[in-house]
Every structure is written in structure tokens, then in C-alpha cells.
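Below is one structure, written out as C-alpha cells; the observations come after it.
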Amino acid sequence: MKLMINGKPEETTAGTVAELVESYGLEEALVVAEVNGKIVYREQWNGIRIQSGMKIEIVHFVGGG
Amino acid sequence: MKLMINGKPEETTAGTVAELVESYGLEEALVVAEVNGKIVYREQWNGIRIQSGMKIEIVHFVGGG
Amino acid sequence: MKLMINGKPEETTAGTVAELVESYGLEEALVVAEVNGKIVYREQWNGIRIQSGMKIEIVHFVGGG
Amino acid sequence: MKLMINGKPEETTAGTVAELVESYGLEEALVVAEVNGKIVYREQWNGIRIQSGMKIEIVHFVGGG
Amino acid sequence: MKEVLEIGGRRLDSRFFLGTGRYPNPFVQNEAIRESEAEVLTFAIRRVNLEVPREDTILQHVKAEDFVFLPNTSGAKNADEAVRIARLAKASGLSDWIKVEISVNAKTLLHDPVETLKATERLVNEGFVVLPYTSDDPVLCKRLEETGAAAVMPGAAPIGTGLGLLNPYNLSLIIEEACIPVIVDAGIGTASDVVQAMELGADGVLLNTAVAKARDPVKMAKAMKYAIVAGRSAYLSGRISKKRYATASSETGDFPGEG
Amino acid sequence: MKEVLEIGGRRLDSRFFLGTGRYPNPFVQNEAIRESEAEVLTFAIRRVNLEVPREDTILQHVKAEDFVFLPNTSGAKNADEAVRIARLAKASGLSDWIKVEISVNAKTLLHDPVETLKATERLVNEGFVVLPYTSDDPVLCKRLEETGAAAVMPGAAPIGTGLGLLNPYNLSLIIEEACIPVIVDAGIGTASDVVQAMELGADGVLLNTAVAKARDPVKMAKAMKYAIVAGRSAYLSGRISKKRYATASSETGDFPGEG
Amino acid sequence: MKEVLEIGGRRLDSRFFLGTGRYPNPFVQNEAIRESEAEVLTFAIRRVNLEVPREDTILQHVKAEDFVFLPNTSGAKNADEAVRIARLAKASGLSDWIKVEISVNAKTLLHDPVETLKATERLVNEGFVVLPYTSDDPVLCKRLEETGAAAVMPGAAPIGTGLGLLNPYNLSLIIEEACIPVIVDAGIGTASDVVQAMELGADGVLLNTAVAKARDPVKMAKAMKYAIVAGRSAYLSGRISKKRYATASSETGDFPGEG
Amino acid sequence: MKEVLEIGGRRLDSRFFLGTGRYPNPFVQNEAIRESEAEVLTFAIRRVNLEVPREDTILQHVKAEDFVFLPNTSGAKNADEAVRIARLAKASGLSDWIKVEISVNAKTLLHDPVETLKATERLVNEGFVVLPYTSDDPVLCKRLEETGAAAVMPGAAPIGTGLGLLNPYNLSLIIEEACIPVIVDAGIGTASDVVQAMELGADGVLLNTAVAKARDPVKMAKAMKYAIVAGRSAYLSGRISKKRYATASSETGDFPGEG
């Protein structure tokens, strides 16, 4: 399926947000996910199915002042 | 007739704005008049009749920075 | 005998510098003595006889910046 | 004759300070001369004979702050 | 950098904008104005005192044709009040220039950025030549420019304090980024403040108290006039850069007796 | 405070003392001198270059009768050398004024206080009008005055640095205590420095590099001339005092619509 | 003046807020954080780099339970973007504090006053503890307070410049008028800047580059920690007032040999 | 730059030199000394008051073995008087250190450069460890070093004024050129002044009034102690350079939602 992830076109076979995050090895990282402009919390990740054309953001804390 | 002129209750016998301004001896001064929140230009002064309860402002330039 | 002590005329019956210092109760204080413009050290005090007209200074440390 | 002029060894055939100054074309310039550490005024220039080994300085005003 | 200052289509030969408040008397005021050679004079708008309506008024003493009148909106606490004052000022027929001045703090008379922006926008749309008095916030000054201000007038320091340029850095940023004239307004104390503002590249300086309340207002007006010229000339002359170590100004050539 | 500046019995109408070193060329120098309206010009004394003895000299371009010449002792490392230079300068017949300048540090060209004091004393005794260039040490300036200096010339900053007034406080103490004229000398960078010095009450300013090495020396000479007048006028006018809080410059009377 | 600093209901024992950007490496960063004894750490929110998703992340090195995390909205150009970042930050579960930072000028990174005000208002309504980074405009800071900000964070100078307190006067006005804590944020260069801010009465200082890019970040963190304490203690101790003239510190009593 | 400060062969672990004059009472003085952790304490020498010869004396409260005593020559008007005081001080057996302090102006208490130089030379020859209090004249400081001073102590500002560093530039020149320790002495007002001096590279700071006359001398002693450490650490850490334009402290990577 074709998605936009972090602003770039990507293909994935993941069926849910949880699987998508896992496919990057980020399941234990402190990341936050947004789907189509709406934040989805970790406990929701299993329940949200990936659909073609979704816009997904995966963000985290970085150094900043 | 009772008016509010420059924020104070006043009585006048003037029939028009022109007469009112004249009653203060200001007909040649560089003053600007406002009636009920609307500016009235010098050329309109003759045509505007004073009515009871009108709110009139007569202002001018003063020293300022 | 008449002396100048610390700039003021004084009379004393002390026979030596040691006795003079003692007469002020300063024998154990950290004071320094000068006789006629010359410093006299504590160990010399017993040996220096007071003479009329001597100029004696007795100074100490005070608060300063 | 060998002289030191302005700190450098020079030879000259001039017989007087006046002639020496003239030999540089400086007779009308606003220069000041010193011979062996002593200032010699313009009116003395004719009377002072150049001698071997003399130390002569010829100075003038330059730009300065 | 243009050699000629132009605001609202009007060319100004003097870069000195002078206020008309707080002089000891009209005579001194007129002498100070004359000595200043200012072309732009500021005024406030107030109600006529109807108890003594024909008393001495400021415009009796100032020939309108010699100056550009720049009325201010002082007293306004928000954009609505400022717009109202501006309209009254314009209705006088004397000027369509307006200095937007919306002060909301009694102690500091500092402007409100949001209301100043609103008032500027509305008055520009009504056709005024708008010169907002503003803080020295460079972003806000840019916003005011984008909104259509004819010039921006950042304060050197709060009105009447005489503290001089509190933040020359910010003023220089404003000047660097502006495509409209920058007039440093308020807080000036003395001539060196004016020179400093002009050396930063300001297009002009507006002041009032520093002249009006000086011990000798007329002489101070003269000082300020020359300060404007001195500062502008220095700005245009390209000052020497600052160096940590000395360089002789006298020729270093041949020093007598060294050889 | 006297309105007229007098040094060594000579009344000076301009308070601007200008140096003659480091200009791009004689033409620019003369234009700058003319534009400056300075009356006192400084010079250095150097050996004639005997390889090209008749080359262009500075005095070809300056009419002696229009100015007071103030030769300096630059290059001298101690009082003996300074006295020698002073005598050479005087022997020119051009001037009996001398600027004592004894710099002992190559990096900073700062003066030696002890040698400066000695040289001043000796030259005063020889009848010179002595203007020592000195540090901004108030006690030293007083000593120089007691020694017979005609004026003292404390530095604003090291020569040629353009750093401006490094210690306005000390300069103001010197001015406050002096019974002779105080000319701020050296370290000036731009017009605002000059105004600041004059506002402190200095009797004059001597500068060179700030004009000679500006991008446009002639215009900078003009800037400095006006800066002198602006600063002096401001000093005489009694500036407003600085306040922490604002005071309205516009009349606070009756604001329309409040009633 | 309260002895204890409290923001958003949390008592803070350290008044030093430290940023986490630009350190040479994680080891130095952690040592600097440890040495600083800061309790509040700032962060930015960025996309995970999906090419190297498991690379070293900052939170691996920082124990969440030891600190208050203060994520910022850097990168946002307007209120909408800032709100979005804030929500993402909060969704991490790490913190409901947010530093509103809306920079609109690439050269100066100065904030936009209008958008900052909007974002603050919206985020307060959503229950965030909002600490807006703002200009030193006293009126704007008051507006932010009225809007519900938990603290205001006026800049000393633009981010990363190290210019120190450009306008101590404005900062002191903000502190004087504020009923919420004032944290001086950005532009700090060295320890004396921190002390100066604290002596003005600031409740704390937030800095990043001054430590992270110092030659020795760990030692500079120590310098800053002591600077915070020195400045706070000096503020609480009531410094001597400045006087124009001297007063002897040594007893003036009886000097030997005078009699 | 040596990490350890050594004067007259004595290693000092604290760079804070504290004066003992003007405290409200001996108890507060002792607490302030204790809190300061200073190792060098200054004193003056005065005649015993023979009317009350056994009154409370300062040395009752200070353990000599814990400190280096630095008596001063305050009150001396010339080198002769200073030498006399120095000998009296040394005869106490408490110290062979001496602070040469020759103040000749009642209003400013500024030193006399010529007499200070003379007294230093004579006392060095008599074997004293001489620390002259001096002006910030770099050439004079170098002369004092050449004369054998163990350290130079240029003033920040006149004694007791609290004006802080009037001329940081001159102090930095002195530090740059000195081969002996430079202790900034006098005129300090608050902690930020101390930090500024240490950041310039001063080896230590001597102050008295700023602590003794603060509202809370003990807390101010603490502030100063931390200021010394903060300033020294910052100096050693290599501060960031100042830049005109901003640099983001937050990572500039990939901002959410931009793609």
C-alpha cells in the first residue's frame, strides 16, 4: 500500500499503525504518531488499519533550546 | 435644549451646529465637530439641526509629541 | 613626664615603653610602637626608657579595604 | 667630508650648513637644522662651517595627529 | 539608502520631526520650532475647553503652509479610539497624516502591539498616511510595513524618559530590514542620542520633551538640528572600524636622532 | 564654564582640533581641513627624506596664518626625546605650542605618565604652550595642570582605535576638577563620540584618524564639525534628566469621547 | 518576591533551565546536564528519520523522572503549527509543558507577537502549561500573562547570538509588572549575562548555545550554575547603591603621625 | 594562564580578597568572612584610641593562621607616609604583605601614580610583598610590575562607589600584558561586576563595601564567592563568540507536516 510517511511516499505491508511502527523497529521508542492530521495514541495503534493514501507522521523529541 | 457637549451636560438655544459653534465664538477657529459619533464637516454645520439629547464633540489640535 | 602619644600631649609615670603600654592595658594586644619616628619591637620595650618630650605612636590593625 | 646626516653616513662638499641645505634644494623649505645635538637657526647657517664627523639633522613638519 | 527622505509622497528636506507639547510658553515654542528647521510637527487632538473656548491655541502660532502636520492618536487605548481620533484630525483639513499611538500602560506609555497593528491596517485602508509609534520589535515593525504604514516609528525609550537608545541593536535590525523610512521616536534625552540613531541609519528622529523641557529649549533645538546633520553625515561617510589596538596617526617615518 | 575657549592666550572660535596624518591625498586633506573649520592643526616632526628632499610637503598646502600649529612629540619614548622634538618644532618659527606625546607601548601607544609629567614640566619652564596627551587618570591630569600645562588632553581610547569614550566617568571627573581647558584626544570613531565628549563638558576634541580614514573624509569632517556644535549646544542647554517612567508629551487634557 | 519558584504547580529548586541542542556529543551533553543541576530541560519535536529509525536518541540519555521536560514549538511559523507541535509533544506522555516558539524571521529567529499570543491562548485553553518565548515588549508580556501563560520567557537577544541582555531596562519593567515567573530566554553568551538577568530579579534563565557551544561545555555548565546562585543571592542581598564619589572603606580614624 | 594563583610565594585557593571595613557589627563581619571563604583579608593601620584602649578590636575576631593579612597604607598622602605605615604593619609580625594605597583626592580617593610608583619601589627593596592599588593605566601597571610588585590591583571604579568596571577595555589590556597577578580592586557594586572582572581574565577581585554595606552582608558574601567561581569557570570555558544573527539551538531537521 502506498502512504505518505513523514512527508515522503512509502510502501508498506503493515496492516495497522502498530505494525507500521514495528516495521521501523520503533515499538519501544518514545515516538508519537499522527494519522491524517490526528494524533493516535499508543493504545489505539492496534485498532487503526492502514489504508492507501494515508498521511502518517511519526515524531519524537530531539535536542532543542 | 439639553445636550451632551464634550462629555458634559449643557443647555443651548442654538438651532444648528453652526449656531452652536458660534455661541462659543469658535466659528473661525480650527475646530472639528462630531455629532452622535459622526464627524460633521464645516459645510454641513448649517444644515444640521440641534436636537435634544445630541452628543456633540468639538475638538482641536493641541500641543503633542 | 610629658610626652606626645598618638599626637596628643600626655603625662605618664611609666619608666619604659613596656610600662607605658601596660599602663593602657595593651600588653597583650597586637599593637606596634614607634618612638621618635622609629619602630621599637616588643622585645625592645623593656629596654627603652621614657624620656620627657618623646614622640610615641601606638598603632594597631583596624577594619579596612 | 664625511658626515652623519639624518642618521646616515653621507659625503658632502658643502662648506657651511647653508650650503649643505642648499645642496638638497631645501633652502626655501621650512626645515630646521640641528648640528651635533644643538639647534642652529637659519640666520646662523652661513656662519657654521661643516666639519668632518659632524652629526646633522634636518627635520620638518609632516602629517600627524 | 536614498539621499532624500520621502514619506507619503512628500519630500522632506529636514530629518528632524518635532513635537509641540510641554514648552514653557508659546514664544519659546515658536523660537524652538524656528531654530529646529523641522518640517514635520506633531500635535495631539483634544476637546476644546468650552469654559475658555477662545484661549490661546497652538495653531495661532504655527503657519500651516510651512509644515507637515502629524497629529497623533495619543489618549487612545485601542484601535477603535485611535481610528476615531484619526478621523477627527483629518476632518480638520490640515493633514491626512496620522501618528498611531496606542498606549496602554500608565507608567510606561508603551504601545499595544496588537491594537497598533489593527489601527494601522484600518487607517491605511481609509487612505491615511500612517506612521505608527511602535516598540522596537523588528517583526512587529515588518508587519506594520506589510500592512501599509508609510513609515515606522520605533521608540528609543519610553516617552519623556530621556533614557536614549535602550536597544540600538534592535533599531539597527529594524533599519536593515525596512523598505519604508524608520523614524526613531520617543525617549531621546540629548544630542548624542540623536546622532547615535542617525548613525545607525535611521531616516529621521522625532522628539519633543528633550527640547521642550531642556533648560534652554531654543538652544537645545539647535543642538538637535546639528545632531541630525552630524549623525546623517557620519552615517554616509563610512566611519572607521573599531580596532583593539592602536595605529599611529602621525607618520611613522624617520624619527630624529634614532639613526 | 566660559563661553569662549582660550589656550595659551589665544582665543579659539572652533573647538575642533584636527590632525593632519593619514589622509588619502593632499587634496582630500585640504578639503577636509576646510570643511572642518578647525583652527588648530596638529603635525609631527620627522627627518626630511634626503633621497627626495623636495617632495610634496604638508605645509605647501596649509596657510600658516589661518591656523594655530600644534606639533606633537610623537616618536619620543621619554622626556628627553620629547623635549628635543619640541625644541626642533619651535625652531621652525611656526609655533611655540607643543603636544607632549610620549608613547611607550607599541601595541597601545599609551603614554608614560611619569615621562609625560617630566616633559611637561621642562617645556613649561622653557616657555612652551604645553598640551600634554595623557591617560584619563584624573590625578595625573591635575598634576599636569599644577605643572603648568595650558590644557590637558586625556585620551578617549588608544590612538587610531575608534573605540570612542572608554571611560566617560573619568573624563567627567577630569573636566569637573580642571581649571584649564580639557581637550579629549585620540580614540574617537564617529560623530556620536564627539557629541558625547562635548556633552560631558569637554572644551574641545582633537581627532585625526576618524576623519582621515573614513570612507569619505570630507563629509566626515563636516559631521565632526556639526557634532562639536551639537554637543556643545546640548551641554549648554541643560538636558532633561533621565527618568525611569514615562511622562506624556501630548497634553493630557480632555480626550474626546471619554465623558 | 517569593523565595521558591513554582511553575504550573511544580516547585523548582533550580532556576537554571537548560536546552539540549548542539552539544558536541551525548556524553558531553549528559555531563553538562549533570553539572548544571538544571531541573527543566528543553527539547524540540521532529520527525523520526525513517532511514535510520533506531539511531541514538536524546531520551536514551536522560532520565525522565529527574527532570521537567519542556518541549518547544520551534519550526512553527504560526499559531496553527505551534498548536499542532504542542499536541504531538503532549501525546508523548512526557510533559504537558510547552514552550511556544514561533519564529518568523530566518536571520533573527525573532518571534511573531500576534501568533505567539494566539497560540498561547489556545494552548492554555487546552490545558497546557504554557511558557511563551517572546520579545522583551513589556505590554506583550503582560498580555501573555492575562492570556494564562504559566511564565513568560522574554529573550535577552536573538537565539544563539551570545549578545547578552540587549535591553536590561525592558526586562526590568517586565519583571516589575509580572505576576507570573519571568524566565530570561535566549541570547545569553556567558556567566555575567546570567548574573545580570538574575540581579534584575528574573526568576530563572533558560539557555542552550552558551553552554553547548562553549569550548568546554561541562565547565561552562558549572559556571552558569554558580552564576544563577550568585545573581539570585546578590538580588536578595540588596546591593549598595551607586554613588558618584568615593567613600573610604578603611576606617578614617586616627592616622599615625598626623597629630 | 596558570590554574593556581600564587602571590609572594603563597598559593591561594580562593581568588576572593575581602576587606574588613564598614560592617554593621563584628558578628556579621565574621559570618561574612566565613561565608566568603576568602583567604586574603585587608586591614588598615590606625592609632589605638587611648581613651578606650582595650575596646573591641578586629583581630580578636579573626584567626591569623587562617588568613593572609594584607594591611593597606590608606591615609598616606605620599610615598614617605606609605612606607612608614608599611613598616608599622610589618612590625606587628602579622604579615609582610602590603597594599600600597596613596589617595590624594578627597572626593575620589584616586591614587597618585608617581607616589605609588615610588612607594612600591622602596617597599620592594625593603623586602615587602607589595600589592599596589592603582589606576587602570596599563603603562603604569607595567611600570609597577617592573618595579617588583607582587601583583597589581587596578581599580574598577573609585572606592566605595559601587560603579563596577568603568573601563573593561583597560583592565583587559592590563591583564593581557601582565606577568604578575592582576587583582581588580575597588568600585565593585554587585556580583555581576565580579563575574565580568573574572571573565576578562583577572586573577582575583578585592572588595569591601559591596559586601559590608549590602542590606544582607552575609548573603552578599556568598553571592560574591559564587561570582568568583562562575566568572573564573566561564573564563576557562571559552565562551561562544558574539554574532549579529541568530542560529537555531533546536535541531533544524525535519519539521512535522512540512513534506
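Reckoned from all heavy atoms, side chains included, excluding hydrogens, waters and symmetry mates. Here is the naming used below: chain letters follow the sequence lines, and residue numbers restart at 1 for every chain.
Note on G160(G), S250(G), A221(G): by heavy-atom pairs under 4.5 Å with chain H, the leading option is S250(G). Ranked by heavy-atom pairs under 4.5 Å with chain H, the list V195(G), T190(G), L109(G) is led by T190(G). Most heavy-atom pairs under 4.5 Å with chain H: of the set A214(G), A106(G), S249(G), this distinction falls to S249(G). Listed options E101(G), K107(G), K225(G), K242(G) were ranked by heavy-atom pairs under 4.5 angstrom with chain H; first place goes to K107(G). Residue with the most contacts toward chain H among A157(G), A210(G), G19(G), A212(G): A210(G) (heavy-atom pairs, distance under 4.5 Å). Taking A186(H), G21(H), A248(H), A44(H) one by one and counting their heavy-atom pairs under 4.5 Å with chain G, the maximum is reached by A248(H). Highest contact tally toward chain H, considering only G164(G), S74(G), G189(G), is held by G189(G) [criterion: heavy-atom pairs under 4.5 Å].
Rounded to the nearest 0.5 Å, atoms CG (N105(G)) and OH (Y245(H)) are 9.5 Å apart. To the nearest 0.5 angstrom, T247(H) atom OG1 is 11.5 Å from N208(G) atom CG. In this structure, CG in L207(G) is found 9.0 Å from CD1 in I240(H), a value given to the nearest 0.5 Å. Expressed to the nearest 0.5 Å, how far CG of L236(H) lies from CG of D216(G) amounts to 8.5 Å.
For a residue to count as touching a neighbouring chain, one of its non-hydrogen atoms must lie under 4.5 Å from one of that chain's; by this rule I188(G) touches chain H with the backbone only. With a threshold of 4.5 angstrom between heavy atoms, N49(H) does not approach chain G through any atom at all. Looking at S241(H), the atoms closer than 4.5 Å to chain G (heavy atoms on both sides) all sit in the backbone: N, CA, C or O. For a residue to count as touching a neighbouring chain, one of its non-hydrogen atoms must lie under 4.5 Å from one of that chain's; by this rule I228(G) does not touch chain H. Using a 4.5 Å cut-off between heavy atoms, L88(H) contacts chain G through its side chain alone, with no backbone atom that close.
Proximity of S233(G) to M220(H): side-chain heavy atoms (C-beta onward) are nowhere separated by under 4.5 Å.
Listed by chain and residue number, nothing satisfies the salt bridge (Lys or Arg N to Asp or Glu O under 4.0 Å) test with D136(G) (two or more places apart in sequence, or in another chain).
A230(H) and A191(G) make their closest contact through O-CB, 3.9 Å (heavy atoms, listed as atom of the first residue, atom of the second, distance). Contact detail for T161(G) and R244(H): the closest heavy-atom pair is CG2-O, 4.0 Å.
Across R239(G), Q196(G), E199(G), a single residue satisfies side chain to side chain donor-acceptor pair (under 3.5 Å) together with S192(H), and that is E199(G). When M224(G), K222(G), R215(G), K219(G) are each tested for a side chain to side chain contact (heavy atoms under 4.5 Å, CB included) with S237(H), only one passes: K219(G).
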